[in-house]
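Here the structure is laid out as structure tokens; the discussion comes afterwards.
Values below: all heavy atoms of this structure, side chains included; hydrogens, waters and symmetry mates excluded.
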Amino acid sequence: MMKEMKKGKGRIIFVMLLVAAMLIGIPGSGMTADNANAATAYKADPAEQTFAQNMQKLDAAAQQYTGKISGSFTRANGKQWLAFMYIRQFNSEYTSSKWEIAGGKVDKKFVAYVQEQAPALHGYFSSTTDVNGMDVRHMAAAVSASMHKNTGSYILGMRGRQWNDLSGWAGDLQTFLLYTRNTVGTSASQSAYYNATVSNMGKAGTTYDMGDLNADADAANLAEAVASGKTISQAVEDYYINGGVNERYTNFIGNRNRAQLVSMAKEYTAVKYKTPIFIKRVWDIYKNAGVKKIDSRMTNGIAEGYADFLMSLAAGE
């Protein structure tokens, strides 16, 4: 009886050791730590992976192009900026004079260089407008603005940060405010503007659909990654191949709480802003639309709706 109990205990100990070996990767166990990690590795979406790989090729082309130019390449952030400028220029809306101030003038020589040296790459970006519900050219335009040093900021009375915001999420939010103003009216309650925002934002057919929302979040996240010292190749690999995109809105919100998100949005849903010399001016988009006054109920309702909509997207990740 005692011998059988000892044999039973021996079997249990052997099984426990075998399991431990599998977990920590002892040679001969048949399972290593690397195997375990590979089994749970993130599998990139094919479209996102292709996009990231082509971005890496475009980054390499920018490196080669700048290496052929005599002297230092000083435009904006140089090599990093070129790739996003290149994608942005396929949409003529992003080549206007205001976009030249916000995101820099299009480098036509680089556009020609890519077309001549990498025709397949040119073909991909000239025909790819959307990747898994993300507006590619909108994203690229916003990043190019973040990377570009806006020399005209003070002439037009806006800070560089405001140019960057307006090139992405803030510009879309202002357009959405005008859309909501037209559909809901100018004398609705704050709750009506709030409800219209959380109900309509992200929907196809509105001025702020998910393609733009996703593009704005990706632009902010990628620009931050590059600003922190990553190359474009590293940034897109981490984001689109290794799974960073799965926390798109969590990263976009960052450490902001609801009150901070609302305050961030209200800077642009208010009709006026303060210039660097503290003169108040009407935002251009409202001025051009003939809007001289925006009721605080609309300003607050849309800003709060936007904040809660972002937080709901982040909560679903």
Side-chain angles (χ1 to χ4, degrees), residues 42 44-45 47-48 51-52 55 77 80 83-84 87-88 94 102-103 130-148 159-177 194 197-198 200-203 206-230 232 234-269 302-317:
Y42 173 75
D45 176 89
E48 291 173 347
F51 174 69
M55 281 294 298
N77 281 9
Q80 307 277 31
F84 294 100
I87 299 171
R88 153 193 145 210
Y94 301 130
D130 178 277
V131 174
N132 271 4
M134 185 271 290
D135 186 325
V136 173
R137 294 167 186 173
H138 186 71
M139 178 276 291
V143 178
S144 73
S146 293
M147 290 183 169
H148 180 64
R159 295 170 173 83
R161 171 187 60 79
Q162 292 170 323
W163 273 109
N164 296 345
D165 290 346
L166 288 169
S167 298
W169 67 268
D172 286 326
L173 184 61
Q174 289 186 335
T175 304
F176 183 80
L177 181 145
Y194 173 90
T197 300
V198 295
N200 294 328
M201 188 164 282
K203 285 187 177 179
T206 68
T207 60
Y208 207 175
D209 59 21
M210 287 308 303
D212 284 344
L213 281 158
N214 290 338
D216 290 339
D218 285 8
N221 295 336
L222 290 173
E224 183 177 354
V226 173
S228 71
K230 290 183 180 180
I232 291 175
Q234 291 169 335
V236 296
E237 182 164 348
D238 288 346
Y239 199 71
Y240 293 112
I241 296 178
N242 295 336
V245 70
N246 284 344
E247 294 185 334
R248 168 181 275 148
Y249 291 99
T250 300
N251 291 328
F252 178 64
I253 290 172
N255 58 6
R256 300 183 187 95
N257 58 32
R258 184 181 187 272
Q260 290 169 324
L261 286 173
V262 171
S263 177
M264 177 183 84
K266 281 174 65 175
E267 179 178 2
Y268 299 99
T269 58
I302 293 177
E304 291 176 2
Y306 177 64
D308 286 347
F309 188 77
L310 288 178
M311 293 180 74
S312 70
L313 292 174
E317 293 179 331

Side chains of Gln162 and Glu267 in contact at under 4.5 Å (non-hydrogen atoms): yes
message: Please enumerate all residues that pass side chain to side chain contact (heavy atoms under 4.5 Å, CB included) together with Asn246, with sequence neighbours excluded.
response: Tyr42
- request: Please identify each residue that fulfils side chain to side chain contact (heavy atoms under 4.5 Å, CB included) with Thr197, with sequence neighbours left out.
  value: Phe176, Met201, Ile302
- prompt: Closest heavy-atom contact between Arg88 and Ala140?
  reply: N-CB, 3.9 Å
- prompt: Quick one: does Ile87's side chain get under 4.5 Å of Met55's, heavy atoms only?
  reply: yes
statement: ring pair (Phe, Tyr, Trp, His ring centres under 6.0 Å) filter on Tyr94, not counting sequence neighbours, yields Trp99
statement: CD of Gln80 to CE of Met147, rounded to nearest 0.5 Å, is 5.5 Å
task: Please name all residues satisfying ring pair (Phe, Tyr, Trp, His ring centres under 6.0 Å) with Phe51, sequence neighbours left out, ordered by chain then number.
output: Tyr240
task: Hey, could you give me the CG/CE distance between Asp212 and Met139, rounded to the nearest 0.5 Å?
output: 12.5 Å
- line: salt bridge (charged side-chain N to carboxylate O under 4.0 Å, His left out) filter on Asp135, not counting sequence neighbours, yields none
message: For Asn164 versus Ala145, what's the shortest heavy-atom pair and its separation?
response: OD1-O, 2.9 Å
task: Give the minimum heavy-atom separation between Gly202 and Leu213, together with the two atoms involved.
output: CA-CD1, 3.6 Å
- request: Applying salt bridge (charged side-chain N to carboxylate O under 4.0 Å, His left out), name anything that partners Glu317, two or more places apart in sequence or on another chain.
  value: none
task: Have a look at His138 and tell me which of Asp172, Asp130, Asn214 forms a side-chain hydrogen bond (donor to acceptor under 3.5 Å, both in side chains) with it.
output: Asp172
- prompt: Got a sec, which residues hit side chain to side chain contact (heavy atoms under 4.5 Å, CB included) with Glu237, two or more places apart in sequence or on another chain?
  reply: Gln56, Ile241, Asn242
task: Report, as yes or no, whether the 6.0 Å neighbourhood of atom CD on Glu48 holds more than 12 heavy atoms from other residues, nucleotides or ligands.
output: yes
statement: Residue set satisfying salt bridge (charged side-chain N to carboxylate O under 4.0 Å, His left out) with Arg248, at least two apart, ordered chain then number -> Asp218
statement: CG of Asp165 to CE of Met264, rounded to nearest 0.5 Å, is 7.5 Å
- request: Starting at OH of Tyr239, measure out to CG of Asn221 and round the result to the nearest 0.5 Å.
  value: 4.0 Å
message: Under the rule for side chain to side chain contact (heavy atoms under 4.5 Å, CB included), what residues qualify as partners of Ala47, not counting sequence neighbours?
response: Asp45, Val131, Asn132
- prompt: Do you know the tightest heavy-atom contact between Ala102 and Ser167?
  reply: CB-OG, 3.7 Å
From CA spacing to verdict: side-chain contact (heavy atoms from CB on, under 4.5 Å), Tyr268, Leu177: CA-CA 10 Å; Tyr268 299 99; Leu177 181 145; over 6 Å; no
- prompt: Side-chain contact, heavy-atom cut-off 4.5 Å: Trp169 with Tyr208?
  reply: yes
- prompt: Any donor-acceptor pair under 3.5 Å linking the side chain of Gln174 with the backbone of Gly171?
  reply: no
task: Starting at CZ of Phe252, measure out to CD of Glu224 and round the result to the nearest 0.5 Å.
output: 10.5 Å
field: Residue pair Thr250 / Ala314: nearest heavy atoms and the distance that separates them
entry: OG1-O, 3.7 Å
- prompt: Sub-3.5 Å donor-acceptor pair from the side chain of Ser312 to the main-chain atoms of Phe309, do we have one?
  reply: yes
Minimum-distance pair of heavy atoms, taken over all atoms of Gly244 and Asn251: O-ND2, 3.7 Å
field: All salt bridge (charged side-chain N to carboxylate O under 4.0 Å, His left out) counterparts of Asp209, not counting sequence neighbours
entry: none
statement: Across all chains, not counting sequence neighbours, the side chain to side chain donor-acceptor pair (under 3.5 Å) partners of Arg258 are Asp308
